[in-house]
Amino acid sequence: MSEVLTKTMARNIYYGGSLFFLLLFLGLTLHTEMKLPERDNRGAITEQVAHGKRLWEENNCIGCHTLLGEGAYFAPELGNVYTRFGNSTDVIKGFIKGRPADGIPNRRSMPQFNFTDDELEAIAQFLKYASEINTTKWPPNIQG
Ligand code: HEC
């Protein structure tokens, strides 16, 4: 009995293995693409939510915060802040509005952005929208 791996066998393993994992990769990609519409909550994207997202970007909130685990680790995760604040956009707006103008001495603090009421509402709606995305429990820890 020969234990030798011939060139043909090695080539078949190489091509067969490559093809197998390529198909697996394509299959999983397709599966993700098919599942996303029911998970990403896109039906809830109103003009107000989109406005909140623009404000989120323009003010670089992600420079301090994470959103669904993505971003900087200076300040709390905000993907779940709506639920953590008792499912209330009012509490979110109150928090952002109530930040002291000069920050809080000797500790990290959230800046005062001087948003208008419309802008505050848009940001709160954006954070509410984010909290309703089905992330299959990501991030695993409540503070991100
Ligand atoms: C310079 C860093 C920084 C930036 C930029 C920043 N934040 Fe914050 N934010 C903080 C810190 C620090 C906290 C923790 C609370 C505190 O002590 O002020 C916080 C807390 C919060 C909270 C309450 C979260 C909780 O779980 O207590 C919300 C909501 C929030 N920020 C929203 C925003 C939004 C929206 C933006 C962008 C418009 C933003 N933040 C930009 C630093 C920042």
Side-chain angles (χ1 to χ4, degrees), residues 5-144:
L5 185 66
T6 64
K7 248 184 168 174
T8 316
M9 284 159 75
R11 196 173 51 217
N12 288 345
I13 291 171
Y14 173 76
Y15 284 124
S18 301
L19 188 67
F20 174 77
F21 283 106
L22 182 70
L23 290 176
L24 185 68
F25 174 73
L26 289 176
L28 289 174
T29 305
L30 188 69
H31 178 259
T32 303
E33 288 297 321
M34 280 163 53
K35 285 283 171 202
L36 273 183
E38 48 186 85
R39 284 184 39 193
D40 64 9
N41 196 20
R42 68 180 68 166
I45 304 179
T46 58
E47 188 40 54
Q48 214 171 22
V49 170
H51 183 203
K53 166 93 175 353
R54 282 194 298 276
L55 291 167
W56 170 268
E57 287 163 7
E58 286 161 12
N59 292 284
N60 192 28
C61 311
I62 211 150
C64 290
H65 291 276
T66 50
L67 187 69
L68 307 182
E70 193 76 35
Y73 295 109
F74 181 73
E77 161 68 33
L78 292 185
N80 54 16
V81 72
Y82 173 74
T83 40
R84 278 194 288 111
F85 280 14
N87 292 332
S88 166
T89 49
D90 284 342
V91 181
I92 294 179
K93 288 190 286 183
F95 179 89
I96 298 175
K97 202 172 177 169
R99 293 307 86 205
D102 304 323
I104 304 167
N106 303 322
R107 71 186 274 284
R108 331 177 189 194
S109 61
M110 159 96 178
Q112 174 53 260
F113 286 95
N114 297 313
F115 289 123
T116 64
D117 287 349
D118 281 354
E119 289 171 332
L120 281 172
E121 183 62 34
I123 288 175
Q125 290 299 332
F126 170 64
L127 292 175
K128 173 175 187 284
Y129 152 79
S131 77
E132 288 163 355
I133 295 172
N134 176 359
T135 59
T136 59
K137 300 195 169 35
W138 185 266
N141 124 11
I142 201 158
Q143 291 293 343

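Atoms within each ligand, like the ligands themselves, are counted from 1 in listed order. Each residue takes its place number in the sequence, starting with 1.
- Contact annotation: for Ile104 versus ligand 1, there are no heavy atoms closer than 4.0 Å.
- In terms of polar-atom proximity, defined here as any N/O pair under 3.5 Å, Ile92 makes no such contact with ligand 1.
- The shortest side-chain heavy-atom distance between Leu127 and Trp56 falls under the 4.5 Å cut-off.
- Every pair passing side chain to side chain donor-acceptor pair (under 3.5 Å) that includes a residue from residues 30-44 is listed here, sequence neighbours excluded: Asp40-Arg42.
- Annotation: cation-pi pair Arg99/Phe95 present, NZ/CZ under 6.0 Å from the ring centroid and within 45° of its normal.
- Scanning for salt bridge (Lys or Arg N to Asp or Glu O under 4.0 Å) contacts around Glu57 gives Lys53, with sequence neighbours left out.
- The ligand atoms of ligand 1 that sit less than 4.0 angstrom from a heavy atom of Asn59 are 38 (C).
- Annotation for ligand 1: atoms under 4.0 Å from non-hydrogen atoms of Arg108 are 12 (C), 17 (O).
- Within the listing of ligand 1, atoms 9 (N), 10 (C), 11 (C), 12 (C), 13 (C), 42 (C) sit less than 4.0 angstrom from a heavy atom of Ala75.
- Judged by the shortest distance from any of its heavy atoms, Ser109 lies inside the 4.0 Å radius around the atoms of ligand 1.
- Applying the side-chain contact (heavy atoms from CB on, under 4.5 Å) test between Leu68 and each of Leu78, Ile133, Asn80 identifies Ile133 as the sole match.
- The Ile123 neighbourhood of ligand 1 comprises atoms 35 (C), with distances under 4.0 Å to a heavy atom of that residue.
- The option with the heavy atom closest to atom 40 (N) of ligand 1, from among Lys93, His65, Arg84, is His65.
- Near Phe115, meaning under 4.0 Å from one of its heavy atoms, ligand 1 places the atoms 38 (C).
- Side-chain atoms of Pro100 and Gln112, non-hydrogen and from C-beta on, never get closer than 4.5 Å to each other.
- The shortest distance between side-chain heavy atoms of Leu55 and Phe126 does not fall below 4.5 Å.
- Counting heavy atoms under 4.0 Å from ligand 1, residue Pro76 touches it through the side chain alone.
- Listed by atom number, the atoms of ligand 1 under 4.0 Å from Asn60 heavy atoms are 5 (C).
- Considering His51, Lys93, Gln48 as possible partners of Gln125, the one that fulfils the side-chain contact (heavy atoms from CB on, under 4.5 Å) test is Gln48.
- Ligand 1 lies less than 4.0 angstrom from a heavy atom belonging to Arg107.
- The side-chain heavy atoms of Leu120 and Ile123, taken from C-beta on, include no pair separated by under 4.5 Å.
- With Cys61, Ala124, Gly103, Cys64 as candidates, the residue nearest to atom 43 (C) of ligand 1 on a non-hydrogen basis is Cys64.
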